[in-house]
Amino acid sequence: MRTRFAPSPTGHLHIGGARTAIFAWLQAKANNGKFLIRFEDTDKERSEKEYVDSIINSLKWLGIEPDEKPIFQSDQISKHREIALDLLKQGLAYSCNVSPERLEEVRKIQQQNKQQPRYDGFSRDLNLPHEKGNVIRFKMPLDGVTTFEDQVLKTISINNKELDDFIILRSDGTPTYNFCAAIDDLEMQITNVIRGDDHITNTLKQINILKALNSELPEYAHLPMVLSSSGKRLSKREGAVDIQEYKKMGYLKEAMVNYLIKLGWSYKEQELFSVDELIKYFDIKDVNSSAAKFSQELLDFYNNHYLKKFKLEGLYKYIDENFLLSEKFINNDKKTEIIDLLREGSNNISELVDELTFFYEDPYLTDEIINAIQIDKNLLALFKEELKEVNFKDKLLIGVFIDSFLSKNKLKFPLLGKPLRLILTGKTNAPSISDLLYLIGKENCINRIDNYLNS
RNA sequence: GUCCCCUUCGUCUAGCGGUUAGGACACCGGGUUUUCAUCUCGGCAACAGGGGUUCGAUCCCCCUAGGGGACGCCA
């Protein structure tokens with residue numbers, strides 16, 4: 001089995017493309033096959049080298065690397081042209097001199113008549129000589145149906161009269177996408193074509209090209225689209241974020257892969273999968289046939305899970321290498337313990353890094369925070385004095401001290417805990433008090449309490 | 001507009017003619033070495049609508065509605 005991912009380098013890789021790539025890659029890996037990449041860069045205007053690199057880097061980050069060198073469609077142009085001219089010679093294609101203006105007019109009239117706008121076959125039987133400035137169009141069958149068994153969507157068919165004689169060679173002599181794609185899949189000996197379901201009509205066209213060439217058809221699997229959380233097509237406005245942005249925000253590749261694969265595919269009632277398990281269990285036939293909306297919450301869930309599962313030393317190293325950490329934090333001898341504590345409640349690493357601050361820097365107490373702190377200052381002062389005597393080497397001893405202080409003064413925990421959390425962190429949302437005291441350190445804690453008492 | 005595809009809890013999904021319609025996320029509530037969080041236990045919550053077929057339909061067929069896609073000398 002040979003599968004491929006065939007992006008056009010006209011933008012970064014986003015969620016949708018990444019998911020398609022993962023499915024195609026897994027399909028190959030699950031069947032001991034090869035996974036290839038082909039850049040569809042025949043649109044010179046829009047294709048950029050920058051995007052080629054970006055796409056490759058994104059895939060690499062996700063753990064996806066091609067088994068053969070990536071193919072660039074633009075390198076095959078002369079071959080495509082040759083085949084197009086051959087089809088012309090055989091009478092399977094024809095030269096057409098209808099101007100773009102005239103096509104525009106025809107389409108307008110068709111639309112007014114509630115018909116599908118399409119090329120009307122004007123030059124089909126004219127047998128025009130192929131002159132400069134003409135295009136070559138493919139002769140679609142005039143009747144019958146084109147049909148195929150999709151591995152995800154089952155039977156798909158269309159009346160051939162709905163398909164028009166599309167252009168395979170432009171007036172400037174360059175080949176077009178549908179033609180190139182069909183031929184390249186053939187040349188690359190692709191056995192399984194996996195792509196978004198927005199390609200269904202292209203598949204129908206490409207099947208006819210392959211039939212004209214007397215070639216065997218690959219298996220097709222069309223993946224339902226990933227829609228934005230509001231149910232719209234993914235676009236710049238609608239959450240089509242460069243996959244590398246997720247890396248920058250502190251999403252782990254394991255989470256990304258797990259989330260994307262679960263968007264449409266399922267295995268029993270399992271939610272979490274290692275790559276090895278995916279390779280073991282994946283079957284394209286188990287992909288769901290309906291479109292799915294992107295869910296930040298679910299992605300966060302997976303990311304939090306893998307954040308917690310990450311080996312602690314490795315996680316620190318990863319964060320240090322990919323995020324900007326303060327010198328003060330790097331020099332903190334409890335830094336890994338702090339990360340270990342914070343990852344419990346973090347959805348991503350940027351969030352975690354933001355939370356780091358109060359471990360090495362006194363929080364600035366705004367009036368709002370000060371007003372929210374409700375505690376008897378005498379009591380707090382007493383707490384501070386006793387805290388000075390506590391052994392901070394052991395977190396458990398801090399907990400014991402808090403318990404005894406509370407019972408000695410007949411206090412409920414929140415009465416001390418809530419104001420203390422605000423004083424120590426400036427936040428209402430933070431880890432447990434004894435963890436905070438322990439990780440912030442005795443000296444800092446006492447300073448912060450003094451700051452409040454003097455405010 | 002024409003054609004193609006899709007439709008189970010708010011979201012991702014399981015189901016493949018007989019189920020108390022299952023799981024996960026989110027949400028809500030109880031519990032935990034009295035805290036927001038974590039952890040844990042529990043709860044809420046769905047077969048788009050209408051016709052058939054059948055002893056019996058979430059499941060098969062048709063229609064309607066809704067959503068998405070394709071209709072380029074873009075890919």
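All values derive from a computational prediction rather than experimental measurement. Lettering of chains follows the sequences in order, A, B, ..., and the numbering in each one begins at 1.
- Here Tyr94(A) pairs with nothing under the ring pair (Phe, Tyr, Trp, His ring centres under 6.0 Å) rule; sequence neighbours left out.
- One cannot find a donor-acceptor pair under 3.5 Å joining the base of A70(B) and the side-chain atoms of Asn202(A).
- Note on Gly264(A): only backbone sugar-phosphate atoms sit closer than 4.0 angstrom, heavy atoms only; bases stay farther off.
- There is a side-chain donor-acceptor pair under 3.5 Å between Asn304(A) and Lys308(A).
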_Footprint string (nucleotides 38-50 of chain B, 5' to 3'): B base within contact, S backbone only, - free, heavy atoms under 4.0 Å_ = SS-----------
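- Take Glu297(A) and apply the side-chain contact (heavy atoms from CB on, under 4.5 Å) test, not counting sequence neighbours, and it matches Ser295(A).
- Contact between the side-chain N/O atoms of Arg107(A) and the OP1/OP2 oxygens of G72(B) is found at a separation under 4.0 Å.
- Of the candidates G23(B), A70(B), C36(B), the closest approach to any side-chain atom of Glu269(A) belongs to G23(B).
- Residue Asn258(A) contributes atom CG, which lies 13 Å from atom P of C25(B) at whole-angstrom precision.
- The residue Ile158(A) sits close only to the backbone: its heavy atoms come under 4.0 Å of sugar-phosphate atoms, none of a base.
- Using a 4.0 Å cutoff on non-hydrogen atoms, no part of residues 10-23 of chain A comes near RNA chain B.
- Mapping Pro414(A) and Pro100(A) onto RNA chain B by nearest heavy atom places Pro414(A) at the nucleotide closer to the 5' end.
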*Would you sort out whether Arg4(A) and Asp184(A) count as a salt bridge (Lys or Arg N to Asp or Glu O under 4.0 Å), showing the intermediate values?*
CA-CA 11 Å; Arg4(A) 39 115 281 190; Asp184(A) 289 343; over 6 Å; no
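- Straight-line distance between the C1' atoms of C59(B) and U19(B): roughly 12 Å, to the nearest whole Å.
- Atom CD in Glu162(A) sits roughly 15 Å away from atom C1' in G69(B) (whole-Å rounding).
- For residues 275-300 of chain A, proximity to RNA chain B is found at Asn288(A), Ser289(A), Ser290(A), Ala292(A), Lys293(A), Ser295(A), Glu297(A), Leu298(A), defined as any non-hydrogen atom under 4.0 angstrom from a strand atom.
- In terms of position on RNA chain B, the residue among Phe413(A) and Asn97(A) whose nearest nucleotide sits closer to the 5' end is Phe413(A).
- C36(B) atom C1' lies 12 Å from atom CD of Glu355(A), rounded to whole Å.
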*Run the numbers on Lys309(A) and Glu254(A) for salt bridge (Lys or Arg N to Asp or Glu O under 4.0 Å), then give the verdict.*
CA-CA 10 Å; Lys309(A) 232 181 104 183; Glu254(A) 291 82 359; over 6 Å; no
Distance-only donor-acceptor hits, side chain of residues 390-407 of chain A, under 3.5 Å, sequence neighbours excluded:
from	atom 1	to	atom 2	distance (Å)
Asn391(A)	OD1	Lys393(A)	N	2.8
Asp394(A)	OD1	Leu396(A)	N	2.9
Lys395(A)	NZ	Asp435(A)	OD1	2.9
Ser404(A)	OG	Phe401(A)	O	3.0
Ser407(A)	OG	Asp403(A)	O	3.3
Ser407(A)	OG	Ser404(A)	O	3.2

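- Among the atoms of the strands shown, none is found under 4.0 Å from any heavy atom of Ile168(A).
- In this structure, the CD1 atom of Ile200(A) is 11 Å from the P atom of C4(B), given to the nearest Å.
- Nearest nucleotide to the Leu103(A) side chain, out of C73(B), U33(B), A75(B): C73(B).
- A distance of about 14 Å separates the C1' atoms of U32(B) and G42(B), rounded to the whole Å.
- Using P as the reference atom, U2(B) and U8(B) are 25 Å apart when rounded to the nearest Å.
- Here Pro431(A) lies in heavy-atom contact (under 4.0 Å) with a base.
- If you check the side chains of Gln73(A) and Asp41(A), you find no donor sitting under 3.5 Å from an acceptor.
- Between the NZ atom of Lys418(A) and the P atom of U34(B) there is a distance of 15 Å, given to the nearest Å.
- Within residues 42-55 of chain A, the residues having any heavy atom closer than 4.0 Å to RNA chain B are, in order of number, Thr42(A), Asp43(A), Arg46(A).
- The phosphate of G69(B) (OP1 or OP2) has no side-chain N or O of Arg195(A) nearer than 4.0 angstrom.
- Across all strands shown, C6(B) is found opposite G66(B) as a Watson-Crick or G-U wobble partner, with both distances under 3.5 Å.
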Please tabulate, one pair per line, all N/O donor-acceptor pairs under 3.5 Å involving side-chain atoms of residues 345-352 of chain A, not counting sequence neighbours.
from	atom 1	to	atom 2	distance (Å)
Ser346(A)	OG	Leu342(A)	O	2.9
Asn348(A)	OD1	Ser350(A)	N	3.2
Asn348(A)	OD1	Glu351(A)	N	2.8
Asn348(A)	ND2	Tyr251(A)	OH	3.3
Ser350(A)	OG	Met249(A)	O	2.5
Glu351(A)	OE2	Asn347(A)	N	3.2

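- Note on ring orientation: taking the six-membered ring where Trp is involved, the planes of His305(A) and Phe301(A) are tilted (angle from 30° to 60°).
- Between Leu263(A) atom CG and A24(B) atom C1' the separation is 13 Å, expressed in whole Å.
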*Trace of the salt bridge (Lys or Arg N to Asp or Glu O under 4.0 Å) decision for Arg38(A) with Asp185(A)*: CA-CA 9 Å; Arg38(A) 178 176 74 232; Asp185(A) 283 336; 2.8 Å; yes
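- For the OP1/OP2 pair of G68(B) and a distance below 4.0 Å, the side-chain nitrogens and oxygens of Lys232(A) include at least one atom meeting the criterion.
- Computed from coordinates, the Tyr94(A) OH to C73(B) P distance equals 12 Å when rounded to whole Å.
- Contacts of Leu126(A) classified as side-chain contact (heavy atoms from CB on, under 4.5 Å), with partners at least two apart in sequence or in another chain: Phe122(A), Ser123(A), Leu128(A).
- Remark: His12(A) pairs with Tyr51(A) by the ring pair (Phe, Tyr, Trp, His ring centres under 6.0 Å) rule, at least two apart or across chains.
- Annotation: ring pair (Phe, Tyr, Trp, His ring centres under 6.0 Å) contacts of Phe359(A) (sequence neighbours excluded): none.
- Between Phe329(A) and Tyr316(A), the ring planes lie tilted relative to each other; the angle falls in the 30° to 60° range.
- Ring geometry for Tyr246(A) against Phe294(A) counts as tilted: the plane angle lies between 30° and 60°, on a 0 to 90° scale.
- The nearest whole Å value for the distance from the CG atom in Leu153(A) to the P atom in G68(B) is 17 Å.
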Atom pairs and distances, side-chain donor-acceptor, residues 277-285 of chain A, under 3.5 Å, sequence neighbours left out:
from	atom 1	to	atom 2	distance (Å)
Glu277(A)	OE1	Ser274(A)	N	2.9
Glu277(A)	OE1	Ser274(A)	OG	3.4
Glu277(A)	OE2	Gln270(A)	NE2	3.3
Asp283(A)	OD1	Lys285(A)	N	2.9

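- Contact of Arg421(A) with U35(B) (side chain to base): a donor-acceptor pair of N or O atoms is detected under 3.5 Å.
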